[in-house]
Amino acid sequence: MSDLRLVSRENKKHNSVVQVGSETIGGKELCMIAGPCAVESEQQLDEIAKGISDLGIKFVRGGAYKPRTSPYAFQGLEKEGLKLLRGVADKYDVKIVTEVLDTTLIEEVYPYADILQVGSRNAKNYQFLKELGKIDKPILLKRGMSSTINEWLLAAEYILLGGNENVILCERGIRTFDTSVRNTMDIAAIPLAKELSHLPVIADPSQGTGKRSLVTPMSLASIAAGADGLMIEVHNEPEEALSDGFQSMYLDSMKEMVETLRSQAELSGRTLNLQQSIKELI
Ligand code: PEP
Ligand code: MN
């Protein structure tokens with residue numbers, strides 16, 4: 001018997017729907033999560049959160065604690081960033097997705113986040129995954145950059161085994177021999193993960209490509225492949241961004257992107273989860 005016991009499609013035939021307050025992820029509606037790679041200032045976050053909530057997007061992402069390859073790179077505003085995220089959550093009535101870097105920070109991040117993100121670099125931190133199994137908030141589990149699909153699903157198994165069934169899988173690209181992209185977006189992983197597991201699967205084409213011009217095409221491909229949602233990095237001034245500006249969408253181009261994605265969602269028999277009143281405007 002496979003060790004994919006709890007996450008397996010064999011264990012549960014129907015799709016799991018993760019409840020995030022009043023919102024759901026994994027149903028007919030595709031969840032849209034957008035925001036900066038990192039929270040940088042009150043003004044930066046407010047401008048971006050306003051822009052995306054004006055488009056009807058209900059989930060704002062932003063890192064307060066950033067896992068940076070270089071210790072000299074911007075590490076995030078930490079607690080101050082968490083407070084700013086909560087501020088825009090209340091002001092614009094949006095849900096917050098933010099990364100928790102390790103076990104010692106779960107307690108700190110928990111009250112500020114609606115969804116706790118586990119980064120690619122932590123996908124094999126098993127003690128941490130066990131701790132996340134003990135909490136009652138949804139976990140967005142990025143695929144490790146060198147994790148096989150089986151390893152990614154086993155990481156989810158750790159969280160479910162701990163008692164937390166609210167796991168959203170996120171394909172974010174893998175490291176391959178090709179250096180022309182930051183990561184190789186593994187589109188086939190999306191339908192395969194859905195075939196093997198009942199958990200919702202979303203895609204992060206921003207980390208998945210590392211290149212702004214590839215984000216919309218890979219978003220379209222992800223929806224066509226059956227993704228349950230997208231997580232997109234967007235910035236008010238990408239050239240000035242303290243992290244991942246080169247892969248961040250311009251705020252101004254988000255409306256056009258949402259329109260494009262909406263048509264693709266319809267082709268796939270889905271709809272985008274946008275604020276109702278705005279859905280009609282676009
Ligand atoms: C991010 O979402 O900004 C991030 C650091 O993601 P990943 O863990 O996929 O690299
Ligand atoms: Mn990023």
Side-chain angles (χ1 to χ4, degrees), residues 31-40 44-45 48 52 59-71 73-78 81-82 85 95-102 105 109 113-125 128-129 132 138-149 151-152 155-156 159 167-176 181-187 189-190 193 201-212 214-215 218-219 222 227 229-251:
C31 90
M32 290 290 294
I33 304 170
C37 179
V39 178
E40 298 169 13
Q44 173 245 20
L45 184 64
I48 299 171
I52 57 188
F59 292 87
V60 170
R61 65 148 287 150
Y65 287 90
K66 292 303 302 175
R68 305 306 299 277
T69 304
S70 166
F74 176 58
Q75 303 286 308
L77 295 181
E78 304 183 340
L82 293 173
L85 284 164
K95 306 278 182 247
I96 297 300
V97 183
T98 195
E99 179 161 354
V100 56
L101 279 188
D102 66 32
L105 289 168
V109 173
D114 296 295
I115 300 179
L116 287 86
Q117 174 175 323
V118 176
S120 187
R121 291 155 187 81
N122 265 319
K124 291 187 180 176
N125 188 343
F128 180 41
L129 297 173
L132 293 165
I139 308 294
L140 192 159
L141 179 65
K142 297 276 196 109
R143 178 179 180 184
M145 60 187 82
S146 61
S147 292
T148 63
I149 289 169
E151 287 167 341
W152 180 30
I159 303 173
V167 175
I168 302 139
L169 298 167
C170 181
E171 162 59 34
R172 51 79 71 203
I174 51 173
R175 194 170 264 200
T176 68
V181 279
R182 185 184 189 188
N183 291 291
T184 297
M185 187 88 190
D186 184 3
I187 296 290
I190 298 166
V201 180
I202 70 163
D204 172 353
S206 306
Q207 325 303 320
T209 62
K211 197 166 156 52
R212 182 181 308 119
L214 302 180
V215 172
M218 285 298 100
S219 298
S222 300
L230 294 167
M231 181 154 85
I232 309 289
E233 285 186 347
V234 51
H235 202 283
N236 54 337
E237 291 176 305
E239 284 79 14
E240 306 300 320
L242 297 180
S243 89
D244 289 354
F246 43 84
Q247 67 191 31
S248 300
M249 299 295 289
Y250 288 98
L251 202 45

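Each ligand, and each atom within it, is numbered from 1 in the order the structure gives.
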Report the nearest protein non-hydrogen atom to atom 8 (O) of ligand 1: residue, atom name, distance rounded to 0.1 Å.
Ser120 N, 2.7 Å
Asp244 versus ligand 1: do any nitrogen or oxygen atoms come within less than 3.5 Å of each other?
no
From Ile187 CD1 over to Met185 CE, what is the distance, rounded to the nearest 0.5 angstrom?
4.5 Å
For ligand 1, which atoms have a heavy atom of Gly119 less than 4.0 angstrom away?
8 (O)
Are Arg182 and Asp244 within salt-bridge range, i.e. N to O under 4.0 Å?
yes
With heavy-atom distances below 4.0 Å as the criterion, list the atoms of ligand 1 near Arg172.
7 (P), 9 (O), 10 (O)
Residue from Arg212, Glu233, Lys211 passing side chain to side chain donor-acceptor pair (under 3.5 Å) with Gln247:
Glu233
Arg61 side chain to Pro36 main-chain N or O, any donor-acceptor pair under 3.5 Å?
yes
Checking heavy-atom distances from atom 1 (C) of ligand 1 to each of Met231, Gln207, Arg121, the winner is Gln207
Could you tell me whether the side chain of Gln75 and the main chain of Arg68 form a donor-acceptor pair under 3.5 Å?
no
Side-chain (Ser248) to main-chain (Val234) donor-acceptor, under 3.5 angstrom:
no
Short N or O distance, Gln117 and ligand 1, threshold 3.5 Å exclusive:
yes
Arg143 to ligand 1, any heavy atom closer than 4.0 Å:
no
Determine whether any heavy atom of Gly63 lies closer than 4.0 Å to an atom of ligand 1.
no
When you look at NZ of Lys124, are more than 12 heavy atoms from neighbouring residues, nucleotides or ligands closer to it than 6.0 Å?
yes
Using modelled atom types and a 3.5 Å cut-off, is there a donor and acceptor pairing between side-chain atoms of Thr98 and backbone atoms of Gly62?
yes
Please write down residue, atom name and distance for the protein heavy atom closest to atom 5 (C) of ligand 1.
Lys66 NZ, 3.9 Å
Has Asp114 got a side-chain atom pairing as donor or acceptor with Ile96's backbone, closer than 3.5 angstrom?
yes
re atom 6 (O) of ligand 1, the protein heavy-atom contact at minimum distance is Lys142 NZ, 2.8 Å
Have a look at ligand 1 and work out which part of Met145, if any, has a heavy atom under 4.0 Å from it: side chain, backbone, both or neither.
neither
Numbered in order shown, the ligand 1 atoms found under 4.0 Å of a heavy atom of Glu233 are 1 (C), 3 (O)
For Ser222 and Met218, indicate whether the former's side chain and the latter's backbone hold a donor-acceptor pair under 3.5 Å.
yes
The Mn ion (ligand 2) is nearest to which N, O or S atom of Asp244?
OD2
protein heavy-atom neighbour closest to atom 2 (O) of ligand 1 works out as Arg61 NH1, 2.7 Å
List ligand 1 atoms under 4.0 Å from Cys37, heavy atoms only on the residue side.
3 (O)
Only N/O/S atoms count here: what is the atom of Glu233 closest to the Mn ion (ligand 2) called?
OE2
